[in-house]
J.: 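Pasting in a structure now, in structure tokens, and then I'll have a few things to ask.
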Amino acid sequence: GKTWTLINKIAKYLFKNKKLDAILVSVPQTEVADSSEWITASFKTIVDEDGDAEVVSMYDVIDLDDDIEKSLDCISRNRKFVHLMTNSKITNGTGERLVKSLIEANKTFAYFCDESHSWMVSHADAMLENTGNPPADYEASLYEFLAEFVAPNTPYVFGLTATPNREQSG
């Protein structure tokens, strides 16, 4: 479905054709992301003119439990990477630090939010109309993070969902 397409088609297209340096992917819970799929997809075989084949990694994969330092190291080494993190981690200051580091290093990046129908409602006042759920303690922190740090710095902002809410579908 949508995750397979992101990993095996869209990410490869963005790295190759749009020359991106990084892809940030946030998910609601750690169980949602499988870094092994990303790692497998990151390899390709290169055959030289003598017919010798070599398997190389096209980009590094920074797992949900990994520290941001791995991404910062990729930035400093000019190494392409995918950083997987939870929605709460990307909004706790980690995402802001990473995005600022990408901008300061003049790197291009994309951002994907999985299950965006739940996490990208613009305001608590819009929750009931958009999702059918009362707002409870909704703070729109992921929406605000995107509006403040991500959207002004990249045209590559994507929401993944099988069930778009009213704000997303118009």
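As a basis for the values below, the full set of heavy atoms in this structure was taken, side chains included, without hydrogen atoms, waters or symmetry mates.
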J.: Between Asn153 and Phe149 (side chain of the first, backbone of the second, donor and acceptor by atom type, cut-off under 3.5 Å), is there such a pair?
T.: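 Checked: pair present.
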
J.: Who pairs with Asp73 by side chain to side chain donor-acceptor pair (under 3.5 Å), at least two apart in sequence or on another chain?
T.: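 Asp73 satisfies side chain to side chain donor-acceptor pair (under 3.5 Å) with Arg77 once adjacent residues are dropped.
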
J.: Can you name the one residue among Ile10, Val82, Thr3, Leu84 that meets side chain to side chain contact (heavy atoms under 4.5 Å, CB included) with Phe112?
T.: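 Answer after filtering Ile10, Val82, Thr3, Leu84: Ile10.
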
J.: For Phe109 and Ile23, run side chain to side chain contact (heavy atoms under 4.5 Å, CB included): C-alpha distance rounded to whole Å, both residues' side-chain angles, the deciding distance at 0.1 Å, then the answer.
T.: CA-CA 5 Å; Phe109 66 97; Ile23 294 176; over 6 Å; no

J.: Any ion pair linking Lys70 and Asp63 (charged N to carboxylate O, less than 4.0 Å)?
T.: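 Result for this pair is no, no salt bridge flagged.
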
J.: May I have all residue pairs that pass side-chain hydrogen bond (donor to acceptor under 3.5 Å, both in side chains) and include part of residues 38-52, sequence neighbours excluded?
T.: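 Checked against side-chain hydrogen bond (donor to acceptor under 3.5 Å, both in side chains) - neighbours excluded - no pair reaches residues 38-52.
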
J.: Any chance you could lay out the salt bridge (Lys or Arg N to Asp or Glu O under 4.0 Å) test for Glu104 and Lys100, step after step, and finish with the verdict?
T.: CA-CA 6 Å; Glu104 288 170 7; Lys100 284 181 176 180; over 6 Å; no

J.: Classify the ring geometry of His83 against Phe81: parallel below 30°, tilted from 30° to 60°, perpendicular beyond 60°.
T.: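 Judged by the thresholds at 30° and 60°, the geometry between His83 and Phe81 is perpendicular.
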
J.: Step by step, would you call Val99 with Val150 a side chain to side chain contact (heavy atoms under 4.5 Å, CB included)?
T.: CA-CA 7 Å; Val99 169; Val150 177; 4.2 Å; yes

J.: How many angstroms lie between CG in Leu20 and OG1 in Thr154, if you round to the nearest 0.5 Å?
T.: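 The OG1 atom of Thr154 is 6.5 Å from CG of Leu20, to the nearest 0.5 Å.
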
J.: For the residue pair Phe145 and Tyr111, does the interplanar ring angle fall in the parallel (under 30°), tilted (30 to 60°) or perpendicular (over 60°) class?
T.: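 Plane angle over 60°, so perpendicular.
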
J.: Between Arg79 and Ser57, do the side chains contain an N or O donor and an N or O acceptor separated by less than 3.5 Å?
T.: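 Their side chains do contain a donor-acceptor pair, which is all the 3.5 Å distance test asks for.
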
J.: Output every pair passing side-chain hydrogen bond (donor to acceptor under 3.5 Å, both in side chains) with a member in residues 6-25, not counting sequence neighbours, ordered by first then second residue.
T.: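 Non-adjacent pairs meeting side-chain hydrogen bond (donor to acceptor under 3.5 Å, both in side chains): Asp21-Thr108.
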
